[in-house]
Amino acid sequence: MRSRGPRVRGTSLKRTCPPPVRSPSNLPPARPLSRPPRWRRGLLALALCGLAACAPRDRQGTQAPEAQAPTFSDAPVLGAIERLTLPAGASRAQRLSRLDRLLDLFDAARFGDDADARESFWLSLGGSARGRGQEATREAALRLLDEALRLEEEPDLDADERDLVASAILLLTTDLHPPALAEDLSIRTAAYRELIDTGHPRVADNARWRIYDHLRGCLDGSIAAPPERRPEIAVHALYARDESIAEHLDDRAIHARPPLPPPAALLDLFDQIRAALRVDPRWAPVIARRADADERLRATALATLPAPRDPNWDIPRMPAGVGRLEHLAPIIRLDGDDLLIDEGRPAAKRSPYSAPAAPSIIEGALAQDGRGVVLYVAPSRLPSPALHGSLRALLAARVAQLDLAIREPRVEEDRGDVILSLPLEVVRDADLGPGAQAIRKARIHVHLDGRGPRVAIDGRLLAARPASERELVDLLGSLDRAYPREHMVTLSLGDDVLYQQLIDLLRALIGGPQRHYEVVGWLVDRELSALTAPSPADAEDRRLRLRAALFPENASATLDQPYPLPSADQPRLEALARALPRCLPEAEAPLGGPLRLRLRFEEGRLAAVDAPKARPSEARLRKEPSERVIACVHEEARGFRLRDHRDPIAIDLLLR
């Protein structure tokens, strides 16, 4: 019975494309690639390992009369049963032919998963590997490199022979240096591309297999990653063509980045490599064996990676800086009375939004993505019946978040627009998750109907309804001062809302770099009737004005402490104090002057907050603080710890 050596498989290379690597100095993932990678410097480093990188490429050089030209084998490698032993006194030509065939057997064992090629390879080397998996692959590459280096020492190599040996050394040396950083990956793939373009033809096909492995690994890795990380992994496949992908990954603004390559473009690179290998008689059977797996990869990538965004969609266009990054979720585009569900993917379907089957089709797209998010694409002049009907279909499909698509201009306007979003969280009464519960606790609520927005605070409606954009901006400014601790706002919609009204409201609430709120939660089960009007009618308006006056723009906090705290505790305490003036509006009554509170710390934790007896100089200025202010301070200081100071200490805080 033939003994088989340990398996040398394609998985010995890293089969998943490495994600963007963070540098030791905490730079952004692609910071090492902020300039074109200097891969030629990398090739020079490889040359120090024994590569004559500057060897002449002229393959027409004359050969010594007594030299014998190598006889290379073009027989299919798949299923090859060979024992490539060298007789005593073997010629240089025989050794070169053997090196070429061993490289092919090596790659057939790895990329073709061929047991016969694997056994032939190890028998030709005189035994079996001492390790398995990556260890066996590394051992095989080292032994092949050793043979190539011995051939390099031969005197009187002609130009073609020097080219073959140099190409083999570059290939094997690159194999033995797996990338640790993003720049290393660019150098590695650049070396393989150089071999394909200018290397010896007998080694170029081996380099193609490594580019094939890189492309397949990137696609495999992106498919297996969480949805939010898939694009940044898949884009590494561009190293098969480009020297740098910095513009896709560095920390520049989204308006300065190029569009992400669509999945079809990445698969085209994959197909080009496969086509070049398919026409080689040595590798055609291996490509045929891998055809089914490659086709499954293609189908999965097209169904999983984000569909391309069309910068020419008929959607609202905003100035740069209004929208937020969208989640690259499935696309639901409204086209007349139809929904184009999962547009841009093979499973895309068209269905009227009023059709009973529409929700189930949308659910299928959501299940594929797994996040419950959709990119809602609709024209800005969408009438209220179409908006209401399409949103009803999305709600029936249990959508958790709507990214309302908008367009913004890129920095270079000739490169088209970038697709961003205004996000809208969907919250139902039956949702019990922590996010839904936090949103439902928001004190500010906006009801939008055909007449415009109406604001309620703690369930009580304001009498004033903003009639213009300017009035809405002023109202939001008052809400910022009166309720500075609120970062979320809830929303309810009437049946007669126009899409442009919804977009304008979301732009005012969460649009722009200095947005008023971070989250807008759509309470789909809330109706206007659930809100109450105060009595008298303007009571809530007067309360809003009073609270806003308690938190002026120049509000400040001053610490009065017996001694400075050590180390980093003092700046941390000062940062806490700067955040506490936002509690002043909770008094909801005129304070008559600065408010003094005493913070008592024990074991580094806030143990109590109380109001010390007023000093004589302050007696006529201050009133007793509201219990609501003290409760607010407790809540704002929750989780605060002094790291180094553990002794009891009382610190006075003056809010003004």
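Along the sequence shown, residues carry numbers from 1.
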message: A side-chain contact here means heavy atoms from C-beta on lying under 4.5 Å apart; do R257 and H248 qualify?
response: no

query: Counting distance only, does the side-chain N/O of S167 pair as donor-acceptor with the main-chain N or O of L164 below 3.5 Å?
result: no

query: Checking side-chain contact (heavy atoms from CB on, under 4.5 Å) for the pair L102/S124: CA distance, chi angles, key distance, verdict?
result: CA-CA 8 Å; L102 284 174; S124 299; 3.7 Å; yes

message: Checking H327 against E228: is there a side-chain donor and acceptor pair closer than 3.5 Å?
response: no

- prompt: Is there a side-chain contact between L260 and P306 (heavy atoms, below 4.5 Å)?
  reply: no

statement: Of all heavy-atom pairs linking L215 and A240, the shortest is CD2-CB, 3.7 Å

query: Salt-bridged, D107 to R210, with N to O below 4.0 Å?
result: yes

field: Parallel, tilted or perpendicular: rings of W209 and F111 (30°, 60°)
entry: parallel

message: Looking at R101 and E82, is any side-chain nitrogen of the basic one under 4.0 Å from a carboxylate oxygen of the acidic one?
response: yes

- request: Output the distance between atom CG (L172) and atom CZ (R143), rounded to the nearest 0.5 Å.
  value: 13.5 Å

message: Tell me if a side-chain donor or acceptor on Q94 pairs with a main-chain N or O of S91 at a distance below 3.5 Å.
response: yes

Ionic contact status for R208 with D280, cut-off 4.0 Å: no

message: Looking at every heavy atom in both R92 and L157, which two are closest together, and how far apart are they?
response: CD-CD2, 3.4 Å

query: Which pair of non-hydrogen atoms, one from A237 and one from L269, has the smallest distance, and what is that distance?
result: O-CD1, 4.0 Å

task: Considering non-hydrogen atoms only, spot the tightest contact between I419 and A405 and give its length.
output: CG2-CB, 4.4 Å

- request: Under the salt bridge (Lys or Arg N to Asp or Glu O under 4.0 Å) rule, what do R162 and D158 come out as? Steps first, then yes or no, please.
  value: CA-CA 6 Å; R162 261 195 316 272; D158 65 26; over 6 Å; no

message: Keeping D163 on the side-chain end and A159 on the backbone end, is there a donor-acceptor pair under 3.5 Å?
response: no

message: So does T71 get a backbone contact from the side chain of S97, meaning a donor-acceptor N/O pair under 3.5 Å?
response: yes

field: The single option from E518, E326, Q401 passing side chain to side chain contact (heavy atoms under 4.5 Å, CB included) against P423
entry: Q401

- prompt: Which distance, rounded to the nearest 0.5 Å, do you find between the CG of L144 and the CD of E147?
  reply: 6.5 Å

message: Do R188 and Y192 form a cation-pi contact, if we require the NZ or CZ to be under 6.0 Å from the six-membered ring centre and within 45 degrees of the ring's axis?
response: no

message: Please enumerate all residues that pass side chain to side chain contact (heavy atoms under 4.5 Å, CB included) together with D342, with sequence neighbours excluded.
response: P330, R345, A365

message: Treating S421 as the side-chain partner and D403 as the backbone partner, does any N or O pair qualify as donor plus acceptor under 3.5 Å?
response: no

message: For D294, give me all partners under side-chain hydrogen bond (donor to acceptor under 3.5 Å, both in side chains), at least two apart in sequence or on another chain.
response: Y212, R216, R274

- prompt: In Å and rounded to the nearest 0.5 Å, what is the CD1 to CZ distance from I510 to R515?
  reply: 7.5 Å

message: Run the salt bridge (Lys or Arg N to Asp or Glu O under 4.0 Å) test on D114 and R289 for me, step by step, so that the C-alpha distance in whole Å, both residues' side-chain angles and the decisive distance to 0.1 Å come before the verdict.
response: CA-CA 10 Å; D114 187 61; R289 170 178 285 188; 3.6 Å; yes

message: Counting C-beta onward and ignoring hydrogens, is there a side-chain heavy-atom pair between L305 and S222 closer than 4.5 Å?
response: yes

Gap between atom CZ of R290 and atom CG of D113 - 0.5 Å precision: 8.0 Å

field: For D74, all residues meeting side-chain hydrogen bond (donor to acceptor under 3.5 Å, both in side chains), sequence neighbours excluded
entry: R202

message: For a 4.5 angstrom cut-off between non-hydrogen side-chain atoms, does T304 reach R230?
response: yes

- request: Show your reasoning for whether side-chain contact (heavy atoms from CB on, under 4.5 Å) applies to L375 and R309.
  value: CA-CA 10 Å; L375 180 65; R309 271 57 179 159; 3.6 Å; yes

Side chain proximity check, H200 to D160, heavy atoms < 4.5 angstrom: yes

query: Is R138 salt-bridged to D175, cutoff N-O under 4.0 Å?
result: no

- prompt: Is the backbone N or O of E408 less than 3.5 Å from a side-chain atom of R317, with the two atoms forming a donor-acceptor pair by type?
  reply: no

field: Point-to-point distance, once rounded to the nearest 0.5 Å, from CZ of R282 to OG of S73
entry: 8.5 Å

field: Heavy-atom check, side chain of T137 versus side chain of F106, under 4.5 Å
entry: yes

- line: Output for pair (L297 CG, L219 CG), nearest 0.5 Å, gives 5.0 Å

message: Applying the side chain to side chain contact (heavy atoms under 4.5 Å, CB included) criterion to D100, which one of D104, L103, L96 satisfies it?
response: D104

field: Residue pair L238 / P261: nearest heavy atoms and the distance that separates them
entry: CD1-CG, 3.9 Å

- request: Determine, step by step, whether R229 and E232 satisfy the salt bridge (Lys or Arg N to Asp or Glu O under 4.0 Å) criterion, reporting the C-alpha distance in whole Å, the side-chain angles of both residues, the deciding distance to 0.1 Å, and the verdict.
  value: CA-CA 6 Å; R229 295 209 56 210; E232 65 180 277; 3.5 Å; yes

message: For L334 and V377: C-alpha separation, side-chain torsions, deciding distance, then whether side-chain contact (heavy atoms from CB on, under 4.5 Å) applies.
response: CA-CA 6 Å; L334 193 59; V377 181; over 6 Å; no

- prompt: Looking only at heavy atoms, which two atoms of A378 and I315 are closest? And how far apart?
  reply: O-CG2, 3.5 Å

- prompt: Taking the side chain as C-beta and beyond, is there a heavy-atom pair between I169 and E152 under 4.5 Å?
  reply: yes

- prompt: Got R278 and W283 here, is their nearest side-chain heavy-atom distance under 4.5 Å?
  reply: no

Check: S120 side chain, A117 main-chain N or O, donor-acceptor pair, under 3.5 Å: no

Audit row: V374, I331, side-chain contact (heavy atoms from CB on, under 4.5 Å) steps and yes/no: CA-CA 6 Å; V374 299; I331 300 170; over 6 Å; no

